[in-house]
Amino acid sequence: MIGRNQALSGGNFPPSTVTITSPLYSVIQEQTDLKRAYALKRDQLYTQACDLFMQLAEKNNSVAQIELALMYFGGLGVSQDYEAALFYCKAATETGSTRAINLMGFLYELGLGVPQDYQEAMFFYRMAAEKGNIFAFNHIGMLHEHGFGVLQDYKEAMSCYKTAAQKGSTTAFTLMGMLYQRGLGVPQDFKEAMTCYKNAATSASAGAFNNMGVLHQLGFGVPQDFKKAVMLYRKAGELASTYALFNLALLYRHGLGVEQNEKESQECVNKAVALGDPGKPKSIEEFQQKIFAEALAYLEKEAYAAALTNLLLLAQTNHREAQFQLGLMYMKGLGVKQSDTNTVKYLTDADVGQHQKAAFMLGESYMARSFFRQDKAQALNWYRKASEAGDGDASYRIAELLMGANNKDDVIEIRRYLNLAIIQGHLTAKQTLIAWENSSNLNSSEEQVQIDLGRAYGLKKDQLYTQAFALLKQLAEKNNAEAQNALGVLYENGLGTQQDFEKAMMCYQLAAENGYVNSFNNIGALYQLGLGVLQDFVEAAKCYQKAAEKENVCALFNLALLFRYGLGVEPNEQVAEASVNKAVALGDPTDPKSIDEFLQGRLNTAIACLEEKSYSPALNQLLLLAQTNGSEAHFQLGLMYMKGLGVKQSDANTVKYLTKAYENNHPKSFHRQEKGLALSWYQKASEAGDADASYWLADRLIGTNQKNDADEIRRYLNLAISQGHPTAEQKLIEWENPRSRQFNFGSFSLKKIPGGLKGDGIDDERL
């Protein structure tokens with residue numbers, strides 16, 4: 001072999017016969033071959049490109065290895081083979097290629113060639129990010145946005161996207177825009193979203209053009225302009241956006257911004273399907289179902305702003321389910337200002353398409369207003385329509401309205417609708433019919449009413465809630481204000497009936513209208529917590545004031561708390577103290593004598609309810625206490641959300657409330673059990689005397705199987721024993737005895753084996 005200096009000096013060989021094999025020549029040749037391979041790939045000569053990349057990959061060229069991995073991943077010039085993609089990606093990671101490390105994360109994220117493992121994906125993305133790969137920040141953000149392998153955290157996602165954008169990723173602007181558009185982790189801001197999309201569009205982002213089209217179609221942040229939406233969807237479609245092609249197909253089908261043209265609509269669908277992504281829809285119906293499913297998922301998470309966009313797009317194309325959901329949102333004020341007009345508009349549109357529940361909900365809408373605006377006639381019309389369509393709830397509601405009217409001429413109709421509801425499968429119609437038949441001859445005198453109220457309270461005290469509910473309902477329908485208030489309590493806490501804050505509010509309001517002023521205290525609590533109504537501390541203060549004026553002790557303490565903590569009113573300790581003094585002067589010896597005693601009494605009630613597994617009453621008490629920074633309330637709420645006790649299990653709320661408990665120095669709040677366990681929290685908990693935390697730390701170290709951790713394992717197990725852990729001593733004995741020692745090589749393994757694919761960019765539409 002000719003050395004580098006000899007080759008350069010020419011040696012004794014003729015130029016035509018010299019074989020140059022110097023390192024410099026090899027590098028130049030590799031670069032030349034790489035350029036040729038890229039040119040072949042650009043010209044879609046994939047087989048030839050693949051062959052050349054293969055030759056370079058065998059020479060340990062990391063760039064070629066990555067490109068080869070991508071070609072196996074996409075089936076370009078070779079049969080699609082995720083394991084082969086993984087092989088070449090692994091090879092490239094050994095050279096420290098940040099692209100390869102990022103691609104490994106993607107393979108783990110999607111489970112291609114390896115078992116799907118979001119935590120492994122996050123490991124590789126973070127490694128790539130630490131080494132300066134800007135695209136990795138986008139991936140980390142997306143895992144946080146969707147809660148894959150980590151707690152869902154929109155703020156953290158936005159932070160990652162902003163970092164990527166600052167480092168030069170235009171895709172990050174699209175991802176940021178979507179969070180602004182949907183109001184996730186940031187206040188909803190359509191103008192800011194549009195700015196982000198425009199930044200992304202400078203690099204011809206398909207997702208950015210599509211999303212700008214959506215904003216123009218809906219008139220969010222810009223004047224509504226279907227023609228401009230069409231133009232933007234076309235641009236995105238030219239950049240292979242399946243979503244944009246489907247959006248365009250819908251505009252053609254329904255004649256929005258263009259002449260109605262079914263042929264053009266179908267061509268758009270054909271183009272979208274031809275793009276060949278197996279995860280994308282294959283028809284307009286599949287596309288609409290996908291968008292609707294996303295909307296329902298957002299509604300379930302109470303991300304109403306995000307759901308609204310999808311539903312409005314679908315409603316423009318007469319999607320009945322979307323119209324129905326929009327009607328409910330406007331009826332209940334979920335993410336939108338409550339609007340009777342929009343409620344009726346969307347529910348009526350849905351009913352035109354014979355949506356199963358639209359007519360019933362229209363009846364509910366009118367009934368919700370009937371206490372104050374006398375819309376019972378309208379409600380009855382819609383209930384009857386729903387009843388004829390086979391809706392048992394509607395038949396039952398008609399019977400309820402007729403019973404409430406207390407008209408003897410309605411007896412036959414009441415019986416007919418209750419029997420109809422039974423046939424249609426209503427769960428309590430038969431029980432109601434029996435109770436109504438038995439009570440039709442009740443003495444309606446005031447004396448009898450008081451006897452019945454006493455019976456109802458006795459049933460409630462004995463936790464016979466279903467019977468108490470039935471009796472109170474009868475009395476409430478006879479316009480007894482006290483019964484209406486008591487019925488509201490049962491609805492609010494889900495006792496003897498399904499929990500329904502809106503019905504609770506109706507009962508309280510009706511009781512107040514009928515002179516039961518104490519109901520204003522309950523109305524205030526619902527406003528303070530935002531249950532059945534939009535949260536409104538100002539309105540809560542007004543309601544408490546009305547009840548306080550009638551010497552309601554509980555309302556006086558509630559009012560004092562609002563003034564102490566400045567909730568809905570200006571903070572004023574003097575007014576708070578005056579309210580407490582008045583409550584103490586009015587109260588009997590068993591009533592609290594200070595705000596602290598009042599709060600402790602409320603906490604005791606909540607704890608007692610938790611012990612009885614009456615989670616709904618406990619939840620309301622704890623939420624009120626949490627507003628006053630009660631650490632024990634925060635801690636108990638954290639446990640409820642951790643274990644799903646009376647609430648939907650939520651990692652986000654678990655962390656939210658346990659973190660607040662920690663910040664307020666709760667002694668047990670250090671010990672958090674959410675996904676992605678935070679070591680520092682357990683160490684803090686252990687130092688604070690938490691035996692469970694000490695035990696967990698020892699167990700984690702045992703799981704890593706590191707010999708140099710022996711002293712720490714022994715220390716934490718001994719600490720757990722001294723702190724009273726029930727099984728720590730047995731664990732220590734087993735661990736000290738090598739024959740009985742069982743190491744855990746599971747989820748806490750620190751060993752990270754490279755393995756696993758994604759390109760430098762992100763398909764910003766796979767969201």
Side-chain angles (χ1 to χ4, degrees), residues 1-8 13 15-110 112-114 120-121 124-125 127-136 138-139 168-169 171 276 752-763:
M1 181 178 291
I2 300 172
R4 180 173 182 270
N5 293 333
Q6 186 180 1
L8 291 174
F13 301 96
S16 60
T17 62
V18 176
T19 303
I20 302 176
T21 57
S22 72
L24 178 61
Y25 177 83
S26 298
V27 170
I28 294 171
Q29 186 62 48
E30 278 193 24
Q31 293 302 315
T32 303
D33 289 343
L34 267 178
K35 289 180 181 178
R36 283 177 54 217
Y38 276 122
L40 290 166
K41 184 180 177 182
R42 185 186 62 242
D43 295 338
Q44 298 184 15
L45 299 171
Y46 298 123
T47 303
Q48 297 93 313
C50 189
D51 288 341
L52 196 47
F53 281 133
M54 185 82 73
Q55 294 172 29
L56 291 165
E58 289 172 356
K59 296 176 182 177
N60 211 30
N61 184 295
S62 62
V63 176
Q65 288 166 341
I66 294 169
E67 292 299 332
L68 201 55
L70 287 169
M71 296 189 83
Y72 273 110
F73 178 77
L76 301 176
V78 288
S79 298
Q80 192 173 53
D81 187 335
Y82 297 127
E83 290 185 2
L86 175 64
F87 174 82
Y88 285 106
C89 197
K90 278 184 177 182
T93 61
E94 292 175 3
T95 68
S97 166
T98 60
R99 284 184 67 199
I101 296 168
N102 188 53
L103 298 176
M104 291 285 285
F106 190 66
L107 276 182
Y108 272 110
E109 182 184 345
L110 297 187
L112 301 175
V114 289
E120 285 291 302
F124 283 109
Y125 289 148
M127 184 190 293
E130 287 169 4
K131 291 178 178 291
N133 187 294
I134 64 172
F135 306 107
N138 287 329
H139 289 293
S169 168
T171 297
K752 300 291 181 180
I753 302 172
L757 192 241
K758 175 142 192 186
D760 286 350
I762 294 177
D763 172 9

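What you see below is based on every heavy atom in this structure, not just the backbone, and it leaves out hydrogens, waters and symmetry mates.
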Can you name the nearest heavy-atom pair linking [X] to [Y], along with the distance?
X      : Y      : value
Ile66  : Ala100 : CD1-N, 3.8 Å
Ala69  : Cys89  : CB-N, 4.0 Å
Leu70  : Arg99  : CD1-NH2, 4.0 Å
Ala128 : Ala136 : CB-CB, 3.8 Å
Leu56  : Ala64  : CB-CB, 3.5 Å
Arg36  : Leu52  : CB-CD2, 3.7 Å

What is the distance from atom [atom1] of [X] to atom [atom2] of [Y], rounded to the nearest 0.5 Å?
X     : Y      : atom1 : atom2 : result
Leu68 : Glu58  : CG    : CD    : 9.0 Å
Cys50 : Leu76  : SG    : CG    : 9.0 Å
Lys90 : Ile101 : NZ    : CD1   : 14.0 Å
Asp33 : Ile28  : CG    : CD1   : 12.0 Å

Is the closest side-chain donor-acceptor distance between Asn61 and Gln55 under 3.5 Å?
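No, no side-chain donor-acceptor contact under 3.5 Å.
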
Verify the distance criterion only: is there a donor paired with an acceptor across the side chains of Asn138 and Ser169 at less than 3.5 Å?
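Yes - a donor-acceptor pair under 3.5 Å links their side chains.
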
Measure the acute angle between the ring planes of Phe53 and Tyr38, then classify it against the limits of 30° and 60° as parallel, tilted or perpendicular.
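Phe53 and Tyr38: perpendicular rings.
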
Determine whether Gln65 and Phe87 make a side-chain contact, defined as any pair of heavy atoms from C-beta on separated by less than 4.5 Å.
no

State, yes or no, whether a side-chain contact exists between Phe124 and Asn102 at a heavy-atom distance under 4.5 Å.
no

Is there any salt bridge (charged side-chain N to carboxylate O under 4.0 Å, His left out) pair reaching into residues 37-56, and which pairs are they, with sequence neighbours excluded?
Lys41-Glu67

Listed by chain and number, what are the ring pair (Phe, Tyr, Trp, His ring centres under 6.0 Å) partners of Tyr82, not counting sequence neighbours?
Phe73

With no hydrogens and no angle check, is any side-chain donor or acceptor of Ser97 less than 3.5 Å from a backbone partner on Thr93?
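Side chain of Ser97 to backbone of Thr93, a donor-acceptor pair under 3.5 Å: no, none is there.
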
Please lay out, stage by stage, how Tyr72 and Glu83 fare under the test side chain to side chain donor-acceptor pair (under 3.5 Å).
CA-CA 9 Å; Tyr72 273 110; Glu83 290 185 2; over 6 Å; no

Begin with the C-alpha distance, continue with both residues' side-chain angles, and end with the deciding distance and a verdict on side-chain contact (heavy atoms from CB on, under 4.5 Å) for Tyr88 and Met71.
CA-CA 10 Å; Tyr88 285 106; Met71 296 189 83; over 6 Å; no

